[in-house]
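One structure below.
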2 protein chains.
Amino acid sequence: MDTYKKPSPEIETPAVCRSCEARHGGICSTLTVSQLVELNKYSARRRIDAGNEVIGQGENVSSYSNILKGVVKLSKMMSDGRQQIVGLQFAPDFMGRPFLGESTITAEAATETEVCTFPRSVVDRMVAEVPEMEHKLYDQSLKELDEARDWMLTLGRKTAQEKVASFLYLILSHIDPESDHRSTFDLPLSRADIADFLGLTIETVSRQMTKLRKDGIIIIENNRHVIVPDSDRLREAAGID
Amino acid sequence: MDTYKKPSPEIETPAVCRSCEARHGGICSTLTVSQLVELNKYSARRRIDAGNEVIGQGENVSSYSNILKGVVKLSKMMSDGRQQIVGLQFAPDFMGRPFLGESTITAEAATETEVCTFPRSVVDRMVAEVPEMEHKLYDQSLKELDEARDWMLTLGRKTAQEKVASFLYLILSHIDPESDHRSTFDLPLSRADIADFLGLTIETVSRQMTKLRKDGIIIIENNRHVIVPDSDRLREAAGID
DNA sequence: CGCGTGATTGATGTCCTTCAAAGAGGGTGG
DNA sequence: CCACCCTCTTTGAAGGACATCAATCACGCG
């Protein structure tokens, strides 16, 4: 982590960026060291408690963020209160467009979350300078589009049982990518959130969870902690393939 | 078609592009005349009958297309036959990524459709040369992401009545943008397609259509032709705002 | 301990599906 | 030109999956 070799000039990677996931897979991976230093001047780290909106009320509304830790839920609400979660963002995802667009989406921390925020203007300038950065953003939006469309199939055509299994499988594959073995994780969402994500009610989610438990597909501890003995069985229950 | 005037140098806008929607709002609007000429060398126009896949079977699978006319439906299918339409594309939308990605989406002409296809390699090269082109593509993917998420709310939280009204409103706003007045249009989708788009059955779609008709919100002629006397009432029925 | 929030479980209701049949064009061939 | 058929759509009756309403449980905290 501290390979100090200093190619030639006096600039080096900002300390906060060194262990940052975004510096690797994320947006910042497209930047040179000097660009990273520049961006870092204007960036700020923030911690967001579960249930709070990501858009800092004191902060400038027009800002972008990288998720460093935690899970953020993107949701849409109808005027009568009906709500639908339309996406989950994990580290090191980039968030930014959702806020300002015509499409009214709210971003809220599902778990305790840490983000790195930048003023919109600085990032916009860098995007103009660094084509790879826009490419990376484009790439993420395509990934999100794929995920959204996958979820449309889940929402429109799957049974409650398959929906809940699909959700568990989604979390599983984000927590523990490529797991053919026994896995264990904490759910980042409450039952109410899961219901809003799946287009169901809390009660139905609960019932389907206990059914999956009784079928031996999952083991539940403390309401939030889940063990998946065999991810293939979960996949099957989710109607995938 | 053969207006040979030659401004000053020897290049000019290809004839086929002149009246093309994509040259204006679409992807090609970012290109210079010479780039357009270059791209046009490798492009081909194709007519696709309703119900046929957009990916030409004889054509190279890895190709991009602009929609010139008609409506294309993007859909996903489960192994047991359940199907969900995850998006509709209208002229002058660009299509290209859907095919090759990991996410298995099939693109099929909903109506008689005309497309302008390009080999993937040529477009990829141009995207690398022209940052505005990538910007345009990025922009479209963000637009599609918004639409997908809007639809997730529809799929997850709206009633059958609201779903059907939402679909009609979607078509209305694509056919006749900004219409506060009486509008009339042909549905680009069959009842079966509408059902697959809304996550419903054919019968339910039919029932809700007749209900909307009996409530005076729409007038139906010949199963496909729809008249909307008051788009605000339709909006309301769709649960929008 | 009592309270509050979130989750589970049960009883009942309802919206949408499923199954079934009939109606409405549209094209073909006699 | 009309009979026939094919596909798409509509309409009806019955059933089921999920929602709603309501009570209980489980855990954490003052």
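Here is the naming used below: chain letters follow the sequence lines, and residue numbers restart at 1 for every chain.
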**Asked** Does the D:dC18 base have a donor-acceptor partner in the side chain of A:Gln161 within less than 3.5 Å?
**Response** no

**Complete:** The residue, A:Arg157 or A:Ser190, whose nearest nucleotide of DNA chain C is more 5′ is A:Ser190

**Prompt:** In whole angstroms, how far is the P atom of C:dG6 from the CG atom of A:Asp193?
**Reply:** 10 Å

**Asked** What is the distance from CG of A:Asn222 to P of D:dG28, rounded to the nearest Å?
**Response** 7 Å

**Rounded distance (Å) that lies between atom C1' of D:dT9 and atom CG of B:Leu187** = 13 Å

**Message:** Side chain of B:Arg191 only, heavy atoms from C-beta on: which candidate in C:dC16, D:dT10, C:dC19 is closest?
**Reply:** D:dT10

**Item:** Interatomic distance where NZ belongs to B:Lys163 and P belongs to C:dC15 [whole Å]
**Value:** 14 Å

**Sole residue of B:Phe167, B:Tyr169, B:Phe185, B:Phe90 in ring pair (Phe, Tyr, Trp, His ring centres under 6.0 Å) with B:His174** = B:Phe90

**Item:** C:dG25 OP1/OP2 closer than 4.0 Å to side-chain N/O of B:Asn223
**Value:** no

**Asked** When you look at CG of A:Asn222, are more than 12 heavy atoms from neighbouring residues, nucleotides or ligands closer to it than 6.0 Å?
**Response** no

**Request:** Calculate the interatomic distance between B:Asp186 atom CG and D:dC8 atom C1'; express it in whole Å.
**Result:** 16 Å

**Complete:** By nearest-nucleotide position on DNA chain D, the 5'-leaning member of A:Glu203 and B:Thr210 is B:Thr210

**Complete:** B:Lys211 atom NZ is separated from C:dC15 atom P, nearest whole Å, by 11 Å

**Asked** Would you say a side-chain N or O of A:Thr159 is under 4.0 Å from OP1 or OP2 of D:dA17?
**Response** no

**Request:** Would you indicate, yes or no, if D:dA19 has its OP1 or OP2 atom less than 4.0 angstrom from a side-chain nitrogen or oxygen of A:Thr204?
**Result:** yes

**Prompt:** For the pair made of CD1 in B:Ile202 and P in D:dG12, what is the distance, rounded to whole Å?
**Reply:** 18 Å

**Message:** With a 3.5 Å cut-off and heavy atoms only, can you find an N or O donor on one side and an acceptor on the other between the side chain of A:Gln208 and the base of D:dC18?
**Reply:** no

**Message:** Strictly below 4.0 Å: does A:Ser206 bring a side-chain N or O up to OP1 or OP2 of C:dT9?
**Reply:** no

**Request:** Please examine the side chains of B:Phe118 and B:Asn66, heavy atoms only from C-beta on, and report whether any two atoms are closer than 4.5 Å.
**Result:** yes

**Item:** Rounded distance in Å - CD (A:Glu221) to P (C:dG6)
**Value:** 22 Å

**Asked** Do NZ/NE/NH1/NH2 and the carboxylate oxygens of B:Asp80 and A:Arg157 come within less than 4.0 Å?
**Response** no

**C:dC16 phosphate, OP1 or OP2, under 4.0 Å from B:Arg207 side-chain N/O** = no

**Request:** Please determine if a side-chain N or O atom of A:Thr201 lies less than 4.0 Å away from the OP1 or OP2 oxygen of D:dC18.
**Result:** no

**Asked** Does one side chain, of B:Ser65 or B:Thr117, offer a donor that lies under 3.5 Å from an acceptor on the other?
**Response** no

